[in-house]
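The structure under discussion appears below in the form of structure tokens.
Within every chain, numbering begins at 1; the chains are lettered A, B, ... in the order of the sequence lines, protein sequences first and strands thereafter. Every value quoted in this text rests on a predicted model; they were computed, and no experiment measured them.
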Amino acid sequence: MGAPTLTKLFKIRGGVHPDDCKLLSADQPIETLPMPELLHIPLQQHIGAAAVPMVRRGEIVKKGQLLARSQGAISAPVHAPTSGRIMGVGGYPAHHASGLSVRTITLKPDGKDEWRDNTPPVKDPFTLSPEEISKRVAEAGIVGMGGATFPSAVKLNLRKRYALHTLVLNGAECEPYLTCDDRLMREQPSEILDGVALMARALGVEQVLFAIESNKPEAQAAIAEATQAHPNITMVGLPTRYPMGSEKHLVQTLTGKETPARGLTADIGIVVHNVATALAVHEALHHGRPLISRVVTVSGNAINQPRNLRVPLGTPLENLIEHCGGYKQEPARLISGGPMMGQPLPSTRVPVVKGSNGLLALTQDEIQAGHEMPCIRCASCVQACPCGLVPLEMAANIRAGSLDNSVNLGLLDCIACGSCAYVCPSHIPLVQYFNYAKGELASRQRMQHKQGETKRLAEARSQRMEAIKKAKREAMMKRKKEMEAKKKREAEATAAAEAQA
Amino acid sequence: MTAAILIITALGIAMGTMLGVAARYLAVEDNPLVGEIEELLPGSQCGQCGYPGCTPAAEAVANGEAPVTMCPPGGKALVESLAEKLGVSVDLSDVDEKQPMIAFVHENFCIGCTKCFKRCPTDAILGGPKQIHAVFSDACTGCEKCVDVCPTECIELRVIKPTLQTWYWPEPSKAA
Amino acid sequence: MDQMEYFLIILSTALVNNVVLVKFLGLCPLMGVSNKLDSALGMGLATTFVLTLAAFAGWLLEHYVLTPLDLGFLRILTFILVIAVVVQFTEMAVRKTSPALYQVLGIFLPLITTNCAVLGVALLNVQQENSFLESLLYGFGSAMGFTLVLVMFAGLRERLALANVPTAFAGAPIAYVVAGLMSLAFMGFAGLTTN
Amino acid sequence: MNEAPLISGPYTHARSSINRTMGLVMLALLPATLFSLYLFGWPAIFLFITTLIAAMVAEAISLRISGRPSRPFLLDGSALLTGWLLAMTLPPWAPWWIGVVGALLAIIVGKQIFGGIGQNLFNPAMVARVALLISFPLEMTLFNPPIPLFSAQAPGFLDSLSITFGNSDHLDAISSATALGHYKTELSRGLSITDITGGTDTLWQLTTGTAAGSMGETSALLLLLGGLFLLYKRVITWHIPLAMLGTLALCAGIFHLIDPDTYLGPLTHLMSGAAILGAFFIATDLVTSPTSIRGQLIFGAGCGLLVYVIRTFAGYPEGVAFAVMLMNACTPLIDHYFKPRIYGRDSKGEPLSYAEKGGES
Amino acid sequence: MGTPVEPQYRKRIGYQAMLLGGFSTLATALLVAGNIATKDVIAERQREDMLASLSAVVPAGNYDNNLLENPLTLERPDGKPLSVYRGTRGNQVTSMAYEISGQGYAGEIRLIMGLDAQGKVLGVRVLSHTETPGLGDKIEVEKDNWILAFNGLSLGNPPREKWRVKKDGGQFDAFSGATITPRAVLKAIEDGLVFHQENNAALRQPPVINTDTVTRSGVNSYEQ
Amino acid sequence: MSSDYGRIAKDGIWNNNIVFAQALGLCPLLAVTGTASNGLGMGLASTVVMIASGLLISLFRGIITPQVRIPVFVLIIAVLVTLVDMFMNAWMHDLHKVLGLFIPLIVTNCAILGRAESFASRNNILPSLFDGLMMGVGFTMVLVMLGAAREVLGSGTLFANAALLLGQWASFMELTLIPDYKGFPLIILPPGGFVVLGFLLAGKRLVDRVMSNRQKRVTTPQDSATATPT
Ligand SMILES: Cc1cc2nc3c(=O)[nH]c(=O)nc-3n(C[C@H](O)[C@H](O)[C@H](O)COP(=O)(O)O)c2cc1C
Ligand SMILES: Cc1cc2nc3c(=O)[nH]c(=O)nc-3n(C[C@H](O)[C@H](O)[C@H](O)COP(=O)(O)O)c2cc1C
Ligand SMILES: Cc1cc2nc3c(=O)[nH]c(=O)nc-3n(C[C@H](O)[C@H](O)[C@H](O)COP(=O)(O)O)c2cc1C
Ligand SMILES: Cc1cc2nc3c(=O)[nH]c(=O)nc-3n(C[C@H](O)[C@H](O)[C@H](O)CO)c2cc1C
Ligand code: SF4
Ligand code: SF4
Ligand code: SF4
Ligand code: SF4
Ligand code: FES
């Protein structure tokens with residue numbers, strides 16, 4: 001309301017207008033969830049290599065203590081959400097559609113919630129160098145909270161390789177139901193902006209655009225007011241349209257520039273971060289608190305009391321549901337994240353992880369699941385796709401098994417936003433086709449890699465065999481020769497002896 | 001009528017000369033197809049195709065004697081690339097992809113006879129004489145050669161389990 | 001006005017009296033080389049080249065050899081001989097000079113000898129007593145008609161390959177039906193030019 | 001694990017379905033249909049019902065044979081709509097078997113042997129209409145002027161039964177060519193357009209539908225209304241209809257300017273024959289038209305051009321069905337060559353590149 | 001293709017040339033022989049064909065010569081040559097037949113028309129047409145009697161203005177739903193009759209008797 | 001050897017049928033099959049050419065070089081076709097009138113050259129001759145089937161004008177199956193030819209499937225497994 005709109009906005013292609021359903025939880029202030037009985041903290045809560053455990057069974061840890069360190073360039077450490085005793089390091093069902101188990105640290109809270117005290121917070125983080133900021137962000141285990149869970153420090157280091165000029169704060173929260181970013185922006189605008197300013201410093205950019213969709217007027221107002229303290233940060237109101245929050249489309253809306261295919265927004269000088277990430281940066285640098293909890297929207301018509309909860313990482317989902325009064329009715333689907341891009345969950349035992357921004361229990365009526373029919377080529381999906389793809393043809397090719405064709409049609413440019421499947425009157429699970437194909441392609445690539453490897457091995461082996469054979473032959477020849485020489489010598493000797501005789 | 005015969009004969013001779021000349025001066029060497037195909041094949045010389053190795057298999061494919069679907073280890077991806085190379089169309093739905101398997105040595109029964117080790121075409125089995133042998137999963141192609149030679153029948157092929165990194169959505173039409 | 005007439009010859013041979021759909025010539029390559037759009041395009045180009053050349057050669061043979069000597073009964077023999085040789089020569093030449101083009105056209109060239117449209121058009125030219133230029137245009141127009149239908153057909157078949165056709169019809173049978181429906185559609189051009 | 005099958009998102013869905021789309025199209029057709037049924041009386045009603053029933057029966061039988069579930073496919077409304085549109089293009093007093101044979105051709109040859117809904121390459125109703133026209137030119141070119149239900153000359157219920165189901169020669173006596181057919185015949189005799197019209201206001205007759213023709217030609221105004229309704233409901237987009245009608249009008253306009261005596265004016269072209277029905281209901285058939293916007297514009301323009309060429313220069317008085325079928329045959333090509341531009345790539349599919357990386361703006 | 005090892009001589013250009021040349025010789029020789037064997041029979045068959053269609057339009061009792069002998073070649077109004085076959089009795093031309101054509105619905109309709117010396121129609125038959133089966137093909141005598149209605153008519157009978165289909169105010173029936181075809185046939189016949197009238201003199205001149213083979217003896221008779 | 005001939009016969013007539021399996025020879029097939037009799041005539045003429053070309057080509061295969069292979073083959077075929085054309089014109093004139101334009105096109109009936117390339121130039125005289133016969137019979141069979149189907153559906157008769165083809169004795173074959181049939185001209189026209197051929201081929205597929213199902217039930221799995229070369 002009354003929010004200043006900075007520049008003219010640019011149009012993006014496609015997109016859809018799903019019912020945003022945010023009223024269910026938008027007015028619920030963020031509440032802190034009581035500490036559960038047990039925490040299950042997976043070692044992999046981010047994109048990249050899994051963290052390496054640093055604790056052993058039976059060890060007592062303090063809140064914020066490092067539980068597992070990162071390994072490799074793209075990875076993130078994991079910290080203890082509270083103080084307590086390590087019950088074990090082993091397999092536990094992952095927060096993932098597959099229901100597979102992953103290595104997880106199980107922590108039994110001792111109820112004291114005692115902080116470790118070794119990292120003294122810096123007085124004024126703005127005196128830190130950009131390198132130092134991103135180092136601390138990395139140490140705090142901060143990953144992108146907008147869903148991608150990419151280690152944020154890596155993104156903050158992008159200034160080394162790209163000429164950056166703008167940081168965009170992604171407050172679009174374009175997924176229906178989700179209100180966690182909305183609540184954060186309403187409740188902690190100045191903390192967020194502080195984090196933003198730190199990130200801008202780390203990136204070395206002058207201009208910061210804080211983009212918020214127009215269906216969150218209170219958040220817009222709160223941020224607009226807080227920006228008065230930050231002259232280089234500008235609040236921008238966005239039209240409400242899914243997937244406005246996709247970083248490439250967000251950037252296009254703001255600047256009119258398209259990110260090159262297979263490239264990063266940094267290619268055009270822009271880095272995008274989520275608002276919750278900014279808050280985490282603030283917490284890490286001002287208070288020395290690593291990323292150990294996050295805000296989760298619990299919503300959906302099957303939930304008794306939809307809420308926004310601040311939850312320690314590793315809390316089983318059943319605790320969240322219980323805290324929200326349980327089910328109104330048996331949900332038809334239990335989803336992590338928003339209804340457009342979220343993942344179905346195999347059970348309520350799985351823990352909250354760094355990337356969980358929503359837990360939705362949806363009723364049959366909300367899902368609008370229909371019987372799958374053949375594609376009628378209505379082109380709704382073509383019109384809806386924000387990436388200019390032809391989903392129906394990609395899906396048809398995938399169904400017919402010609403994955404290469406679907407790649408030629410642009411499969412790898414698909415951002416899996418789900419707009420196409422949302423509008424499809426035939427209820428075709430288009431996104432699943434694409435996900436399947438992407439996975440299958442990756443698996444084939446692995447196969448091919450392995451084949452190259454085995455080919456090398458096989459060749460090496462046959463060479464070795466050859467060498468062995470040759471060596472044997474040579475040895476034999478040598479022996480033969482030796483024998484002959486010996487014989488000859490003997491013969492000579494005897495001859496000589498005879499001659500002598 | 002003799003004129004007719006003469007003229008057509010002349011035409012025939014002229015044409016024949018033309019083709020003869022063309023064949024001489026426009027000759028092209030044999031196609032390098034075999035080599036190219038061999039490049040594509042897995043190269044593990046496992047013999048599952050029914051040919052003694054990948055080179056004979058490549059020759060057979062190039063001569064059209066073997067179908068592009070002949071190599072089980074290559075899977076669908078290989079079929080596709082072969083079909084592309086040869087310009088033929090195949091019905092991929094007929095190629096049922098064998099689930100990738102790897103060998104697994106039951107350590108309790110392994111007597112360290114090294115028979116499997118000698119048999120494995122990709123050196124995927126590690127271990128010396130009288131030691132317990134283990135399978136190096138990244139190198140094993142699941143060719144089953146080691147299974148038969150083991151005197152204690154302690155080698156078994158197992159389906160490779162997906163991990164979070166390798167799991168992906170099933171194809172919708174095949175999903176439950 | 002003359003130009004108009006030539007235009008009409010091409011139009012009529014390409015659309016109204018389409019070699020494939022109306023005259024029933026060249027059906028085997030239509031069925032054989034229409035699985036992929038790119039191959040179809042290649043086949044169309046190769047055929048266009050050969051057909052025009054055949055019309056040209058046919059006219060020369062007819063007017064300088066067969067008619068003067070009254071050897072009409074040798075027409076088929078000489079035409080097909082010349083066509084076969086021309087095709088084979090072209091194949092060799094293309095293969096040598098442009099391997100890239102050979103990749104596209106090469107495999108089709110031998111097939112063209114047996115494309116009856118090539119001989120058919122040469123013979124029809126004689127039957128209709130076309131002049132030299134008319135013969136060429138007739139050959140070219142027919143080839144354009146062939147290419148047009150072949151390319152459209154290939155497009156349709158590429159879509160068929162992705163469609164859920166009942167097994168009994170999948171593949172060739174449905175392709176024939178589609179050819180039938182295309183032929184039905186082309187009947188709309190009837191009467192476009194009186195020829 | 002969860003009992004529900006593992007289906008990937010999105011887990012919310014727009015309230016759209018095939019039934020709804022087809023239902024809306026039928027709703028849009030309803031006013032024009034009712035008006036035409038009124039205009040042509042009982043025989044038209046009988047033929048209409050017969051055709052619809054035959055279409056449904058053909059669909060049911062085909063589904064049974066191919067072993068697919070009948071209920072969802074029968075109830076999706078597409079067979080009914082195909083039958084409906086086919087009936088709209090038949091001479092209203094044609095004998096019953098025309099409708100039945102047409103429906104069988106449309107559903108079986110036009111649709112089901114391709115694998116049913118969504119798989120067909122040609123517009124089923126147009127396949128049937130063209131096949132009928134070529135097979136039974138006599139029955140398919142005998143039209144009658146409108147004799148509204150309950151008017152004095154209108155045949156009674158029983159008479160009508162014999163017109164549709166018996167073999168009555170009733171029609172020959174009152175047969176009358178359609179406007180386009182009349183123009184075509186008379187022009188071929190060398191008459192000029194002013195001679196033919198004789199000064200009567202045919203355009204108005206055509207627009208209000210008081211001229212001879214099939215049900216789908218006689219109420220251009222109501223059909224236009226229905227078309228606008230579909231646009232409003234976003235079942236179709238404006239691209240195909242506008243491109244088709246625009247091209248038709250443009251061609252007609254140019255030739256009419258050159259020689260008004262041998263070439264009909266653009267308005268006559270738009271309002272006569274199946275131009276409106278074709279542009280809004282037939283060329284727009286989702287299954288057989290291109291998917292991209294540019295493709296749809298080209299498709300529409302192609303239809304318009306072919307309609308004009310066939311009407312004006314070729315043998316048939318009306319060319320909508322042929323034009324649509326010809327463009328249907330081009331649809332895969334259009335789809336292949338005119339795809340939307342992919343985000344982040346240029347029109348050739350290469351990734352965009354900015355001259356200086358991270359360029360400043 | 002799959003020939004294993006080729007002897008060297010086969011690679012020579014001369015070998016290819018001689019091979020193809022040899023086969024050409026053989027082929028031509030065979031065909032020449034075949035041609036000689038069948039030429040006359042085929043010519044005979046073609047004459048029979050012509051005769052068959054002629055006799056359909058010229059009743060047998062009308063003449064005593066061979067209709068195919070001495071055809072007269074005249075120039076049609078459009079400049080193309082037209083062969084007229086004449087039946088004679090004694091030295092008198094009693095009947096004649098020639099080809100006429102009109103532009104039908106879907107293409108040219110070729111007809112053959114027989115007339116007596118006075119220009120009365122003896123018979124008309126369709127030689128070839130491309131009209132719509134079921135509509136325009138009723139002009140074939142196998143399908144309908146319509147074409148027989150012209151027997152006995154001539155240019156003045158009925159009067160010229162009645163040489164129209166009923167729909168155009170004339171006296172002839174048309175087929176329902178297909179007026180174009182009958183119009184075309186009518187026009188062709190009318191044109192043919194006009195042609196007869198205009199070339200009456202030339203047509204009635206008796207053929208030259210003393211030629212013994214079928215030649216184009218009458219070629220120039222019209223010009224004088 | 002006898003089983004070899006058995007296989008050639010089975011291939012020619014069914015498994016590797018020129019039309020059904022190889023999709024060759026389509027132009028004459030579609031063009032003349034307005035009636036069953038025309039189909040039969042075309043089939044017989046083509047068969048004669050196929051047999052003779054199989055014979056001649058396998059006879060000469062020793063001396064033909066790859067370079068001039070195709071021209072020589074087409075020469076041989078052209079001679080045969082022209083001879084057939086001449087003889088038919090002389091002694092089966094009525095049929096010739098119907099098939100006229102298409103006889104020359106037997107030359108390019110791709111099936112004949114195809115057989116020359118893939119069979120006659122690699123086999124001995126007797127098998128080549130037999131292959132020609134069987135391919136011809138298979139082709140004729142399809143021609144007659146398609147002709148019959150189109151004739152019955154399109155005009156309601158069967159073997160109309162058979163007497164023209166086979167002589168007066170064959171007139172018993174001329175049937176009018178559906179009296180007072182209005183006719184369905186579409187079937188006789190080009191579109192109908194394609195569509196009916198499509199249905200015919202689909203029918204062949206069904207027959208194949210039924211037969212292979214039956215076979216599966218009879219033979220044990222081992223029998224059906226194909227032997228792999230080693
Ligand atoms: C050097 C670098 C490489 C990156 N590579 C990838 C990558 O391969 N895949 C990816 O999804 N994100 C990658 N990102 C992160 C993206 O910038 C972005 O945060 C991520 O794609 C999530 O955005 P999204 O949710 O809009 O897809 C990379 C970032 C950096 C700094
Ligand atoms: C379709 C789609 C929608 C998205 N919507 C949002 C969103 O509403 N809010 C958000 O913060 N990130 C959203 N993202 C993720 C962003 O693209 C991007 O990953 C994120 O803003 C980067 O910030 P982070 O690294 O701090 O998470 C979306 C991504 C996609 C592909
Ligand atoms: C498919 C079709 C075929 C036609 N075939 C013929 C035909 O063979 N002969 C003909 O005179 N008119 C034919 N017509 C033309 C129309 O029937 C035309 O309206 C008629 O000739 C003139 O109408 P009228 O007889 O009512 O005056 C055909 C029309 C169509 C649509
Ligand atoms: C806007 C629209 C137009 C349609 N037009 C036709 C049509 O012209 N002919 C037809 O058979 N079906 C039509 N349908 C129905 C449906 O698309 C048709 O049954 C499919 O082609 C069957 O696969 C139409 C449907 C819609 C939504
Ligand atoms: S999921 Fe992929 S194809 Fe579908 S709309 Fe989104 S980007 Fe386009
Ligand atoms: S939205 Fe669905 S039905 Fe429509 S074209 Fe896309 S995939 Fe097909
Ligand atoms: S099956 Fe494949 S990998 Fe094994 S030998 Fe044959 S070609 Fe090589
Ligand atoms: S299956 Fe056995 S022999 Fe084959 S690659 Fe694996 S370990 Fe080696
Ligand atoms: S017979 Fe094969 S192309 Fe004509």
Handout entry: Heavy-atom side-chain contact between F:Lys204 and F:Asn17 under 4.5 Å
Key = no
Fill in the blank from the handout: Whatever's closer than 4.5 Å to a heavy atom in chain C on F:Ile112 counts as neither
Exercise for the section: Give, for atom CG of C:Leu60 and atom CZ of C:Phe132, the distance between the pair rounded to the nearest 0.5 Å. Expected result: 6.0 Å
Completion exercise
Per-residue tally against chain C (heavy atom, under 4.5 Å) across F:Leu200, F:Leu75, F:Val196, F:Val79 peaks at F:Leu75
Practice task
Let me know if F:Phe199 has heavy atoms under 4.5 Å from chain C in its side chain, its backbone, both or neither.
Solution key: both
Exercise for the section: Select, from C:Ala185, C:Gly180, C:Pro166, C:Ala170, the one with the greatest count of heavy-atom pairs under 4.5 Å involving chain F. Expected result: C:Gly180
Exercise for the section: Return the option, out of C:Ile80, C:Val118, C:Val20, C:Val22, with the maximum number of heavy-atom pairs under 4.5 Å with chain F. Expected result: C:Ile80
Exercise for the section: Check whether the side chains of C:Asn130 and C:Trp59 place a donor and an acceptor atom closer than 3.5 Å, and report yes or no. Expected result: no
Exercise for the section: Mind ranking F:Gly203, F:Pro191, F:Ala23 by heavy-atom pairs under 4.5 Å with chain C and telling me who comes out on top? Expected result: F:Pro191
Completion exercise
Ranking C:Cys28, C:Gly26, C:Ala172, C:Ala84 by heavy-atom pairs under 4.5 Å to chain F gives rank one to C:Cys28
Problem - F:Leu206, part contacting chain C, at a heavy-atom distance under 4.5 Å - result: side chain
Practice task
Could you tell me whether the side chains of F:Arg209 and C:Thr167 share a donor-acceptor contact shorter than 3.5 Å?
Solution key: yes
Fill in the blank from the handout: Note: vs chain F, highest number of non-hydrogen pairs under 4.5 angstrom among C:Leu119, C:Ile76, C:Leu30, C:Val85 is C:Ile76
Practice task
Side chain from CB out, backbone as N, CA, C, O: work out which of these in C:Met182 comes under 4.5 Å of a heavy atom of chain F, or both, or neither.
Solution key: neither
Problem - Atom pair CZ/CG of F:Arg150 and F:Leu197 - distance to nearest 0.5 Å - result: 9.0 Å
Completion exercise
Greatest number of non-hydrogen atom pairs under 4.5 angstrom with chain C, of F:Leu30, F:Val74, F:Val195, falls to F:Leu30
Problem - Contacting region of C:Thr78 [heavy-atom separation from chain F under 4.5 Å] - result: neither
Exercise for the section: Measure the acute angle between the ring planes of C:Phe186 and C:Phe189, then classify it against the limits of 30° and 60° as parallel, tilted or perpendicular. Expected result: perpendicular
Practice task
Flag yes if more than 12 heavy atoms outside F:Phe60 fall under 6.0 Å of its CZ atom; otherwise flag no.
Solution key: yes
